[in-house]
Peer 1: 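My questions will all concern the structure given below.
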Amino acid sequence: MMALTPLVYWAQRHEKIYLRVELTDAQNIDAHVHENILHFQALGHGVKGQNLYEFSIEFLLPVKSQVAFKSTQRQVNITVRKNQRGWWERLTKQERKPLFLAPDFDRWLDESDAEMEIREKEERRNKWKASWHNENGYISLKTGFLYTYNLVQYLGFSWIFVNMTIRLLKFGEDSVYDTFHTISGVMFFCQILAAVEVLNAAFGLVRTGVIPTLIQVLGRNFVLFIIFGCLEEMQNKPVVFFAFYLWSAIEIFRYPFYMLGCFNSEWKILTWLRYSLWMPLYPLGALAEAVAVVQSIPIFDKSNLFSIPLPKAMGTSLSFSYFLRAYLVVMFLGIFINLRHLYKQRQKRFRTKKKAH
């Protein structure tokens with residue numbers, strides 16, 4: 001088979017040469033540098049259909065012998081490193097450019113633009129390093145602690161969310177009824193650890209209100225440990241699935257946002273999700289908690305668990321269910337405080353972003 005020449009587009013930076021070979025579904029790719037000449041050969045679909053394509057380029061200045069290439073469905077991308085950092089006036093040793101070679105305007109920069117790109121990368125790198133280190137050059141204990149905490153919580157709630165999703169797809173409705181027995185261990189760990197968030201807010205490690213954080217942590221832990229943990233009759237109910245699923249769905253976006261925040265960085269999509277997903281998920285999570293409390297009331301009445309003994313003249317005991325009814329009222333008040341706090345956070349965040357633009 002006679003080899004043909006493909007179309008090749010090139011661009012450069014101070015340290016690298018980028019080549020893009022217009023070859024679809026390339027196979028048997030061979031790209032190597034020998035005596036400062038790049039040799040390329042591959043079987044694929046190019047300008048003249050399916051065929052064997054090859055070309056050679058003798059570079060203007062010395063390059064390293066290692067060649068990196070990656071084949072996609074549409075093209076082959078090749079990267080060659082220059083021996084010495086610098087800007088070349090042309091790509092090839094011969095002054096007349098080969099006919100198959102053209103500038104890659106998608107990646108093309110002139111020397112000044114490339115210098116600016118380098119400076120921007122350096123600034124981002126320095127900003128990242130500065131966020132990791134304090135003025136003495138050591139990793140900030142506060143940053144390390146907060147990042148580790150948020151990472152552990154993210155991994156825990158991600159495990160819960162992914163595990164529940166896979167089990168739901170695999171076992172269907174049956175997975176809903178055994179959620180507590182398969183997931184509760186990790187959920188207990190994550191929710192006990194969540195008490196650290198109250199301490200972080202109280203000691204000023206994070207800039208957030210202590211009351212909203214305390215309401216959320218106590219509310220979840222009450223439902224998890226008292227309602228689900230103490231009543232076996234509640235552990236097989238579907239409400240456990242919905243509560244666990246909604247809690248974890250909220251946290252798999254919240255904790256990565258905090259992780260980036262440790263380094264004064266953000267991902268715009270994640271920021272939007274952090275300040276928007278609470279609008280449907282928090283009320284639904286609160287509804288699941290309220291349903292769990294309501295469903296537990298007759299069970300507490302029947303079992304007399306946590307009931308307070310009374311003198312014979314006043315009756316046998318004071319049922320824990322009375323406390324649960326009062327708790328529901330306080331719970332909805334707490335939900336209102338929390339939602340108002342989140343709404344103010346969202347308004348402040350996006351109003352600040354608009355002013356910055």
Side-chain angles (χ1 to χ4, degrees), residues 153 156-168 170-198 212-252 281-311 314-338:
Q153 288 289 65
F157 280 108
S158 294
W159 183 91
I160 293 171
F161 184 83
V162 172
N163 194 292
M164 291 181 68
T165 302
I166 292 174
R167 289 179 56 81
L168 181 63
K170 186 175 181 179
F171 301 112
E173 186 178 347
D174 291 340
S175 71
V176 173
Y177 297 100
D178 66 351
T179 298
F180 184 86
H181 301 288
T182 57
I183 304 296
S184 61
V186 180
M187 184 61 80
F188 280 135
F189 171 79
C190 290
Q191 282 305 128
I192 291 172
L193 195 59
V196 174
E197 294 184 34
V198 181
T213 306
L214 183 64
I215 290 172
Q216 178 175 314
V217 172
L218 286 182
R220 282 191 188 177
N221 283 351
F222 178 81
V223 172
L224 177 61
F225 287 94
I226 304 300
I227 305 298
F228 296 153
C230 295
L231 299 178
E232 290 187 13
E233 296 91 333
M234 290 295 300
Q235 293 172 5
N236 295 323
K237 291 185 179 294
V239 69
V240 179
F241 173 87
F242 291 107
F244 282 17
Y245 205 68
L246 289 166
W247 291 350
S248 59
I250 292 167
E251 306 302 12
I252 60 175
L281 294 182
Y282 267 74
L284 288 173
L287 179 61
E289 294 173 27
V291 169
V293 173
V294 171
Q295 290 181 346
S296 71
I297 287 176
I299 300 174
F300 278 110
D301 280 335
K302 184 178 179 180
S303 65
N304 286 325
L305 184 64
F306 301 136
S307 295
I308 301 174
L310 296 175
M314 299 179 62
T316 56
S317 63
L318 181 64
S319 175
F320 187 67
S321 63
Y322 292 111
F323 171 81
L324 293 179
R325 291 181 175 91
Y327 174 79
L328 283 173
V329 176
V330 176
M331 175 184 172
F332 283 108
L333 177 62
I335 292 169
F336 171 76
I337 293 172
N338 238 352

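Basis for what follows: all heavy atoms, side chains included, without hydrogens, waters or symmetry-related copies.
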Peer 1: As an exercise, state the distance from CD of Gln153 to CD1 of Ile252, rounded to the nearest 0.5 Å.
Peer 2: 13.5 Å
Peer 1: Between Thr179 and Val176, what is the shortest heavy-atom contact and its length?
Peer 2: OG1-O, 3.0 Å
Peer 1: Hey, what do you get for CG (Leu333) to CG (Leu328), rounding to the nearest 0.5 Å?
Peer 2: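 Nearest 0.5 Å value for the CG-CG distance: 12.5 Å.
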Peer 1: Quick one: side-chain hydrogen bond (donor to acceptor under 3.5 Å, both in side chains) pairs with a partner in residues 298-307, sequence neighbours left out?
Peer 2: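 Found Asp301-Ser319, Asp301-Ser321.
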Peer 1: Partners of Val196 by side chain to side chain contact (heavy atoms under 4.5 Å, CB included), sequence neighbours excluded?
Peer 2: Phe145, Tyr149, Leu193, Asn200
Peer 1: Give every donor-acceptor pair under 3.5 Å between a side-chain atom in residues 226-238 and any protein atom, sequence neighbours left out.
Peer 2:
unit_1 : atom_1 : unit_2 : atom_2 : d
Gln235 : NE2    : Phe228 : O      : 3.0
Asn236 : OD1    : His181 : NE2    : 3.2

Peer 1: Applying salt bridge (charged side-chain N to carboxylate O under 4.0 Å, His left out), name anything that partners Glu197, two or more places apart in sequence or on another chain.
Peer 2: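 Salt bridge (charged side-chain N to carboxylate O under 4.0 Å, His left out) check on Glu197 returns Arg254.
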Peer 1: In a table with atom names and distances, give each donor-acceptor pair under 3.5 Å that connects a side chain of residues 240-247 to protein atoms at least two apart or in another chain.
Peer 2:
unit_1 : atom_1 : unit_2 : atom_2 : d
Tyr245 : OH     : Thr165 : OG1    : 2.8
Trp247 : NE1    : Glu289 : OE2    : 3.1

Peer 1: Any heavy-atom pair between the side chains of Met187 and Trp159 that's under 4.5 Å?
Peer 2: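 A side-chain contact under 4.5 Å is absent here.
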Peer 1: Tell me every residue that passes side chain to side chain contact (heavy atoms under 4.5 Å, CB included) with Val198, counting only those two or more places apart in sequence or in another chain.
Peer 2: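 Side chain to side chain contact (heavy atoms under 4.5 Å, CB included) list for Val198, sorted by chain: Val210, Thr213, Leu214, Val217.
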Peer 1: Ignoring hydrogens, what is the shortest heavy-atom contact between Ala292 and Val223? Give both atom names and the distance.
Peer 2: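 Answer, listing the atom of Ala292 first, then Val223: CB-CG1, 4.2 Å.
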Peer 1: Holding to salt bridge (charged side-chain N to carboxylate O under 4.0 Å, His left out), I want the full list of residues that pass it with Asp178, two or more places apart in sequence or in another chain.
Peer 2: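 Asp178 satisfies salt bridge (charged side-chain N to carboxylate O under 4.0 Å, His left out) with Arg167 only.
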Peer 1: Quick one: list whatever passes side chain to side chain contact (heavy atoms under 4.5 Å, CB included) with Leu318, sequence neighbours left out.
Peer 2: Ile308, Leu310, Tyr322
Peer 1: Ile250 versus Tyr282: any side-chain heavy-atom pair under 4.5 Å?
Peer 2: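 Counting from C-beta outward, Ile250 and Tyr282 do come under 4.5 Å.
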Peer 1: Holding to side chain to side chain donor-acceptor pair (under 3.5 Å), I want the full list of residues that pass it with Tyr327, two or more places apart in sequence or in another chain.
Peer 2: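 Tyr327 satisfies side chain to side chain donor-acceptor pair (under 3.5 Å) with no residue once adjacent residues are dropped.
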Peer 1: Run the side chain to side chain contact (heavy atoms under 4.5 Å, CB included) test against Ile215 and tell me which residues pass, sequence neighbours left out.
Peer 2: Ile211, Ile337, Asn338
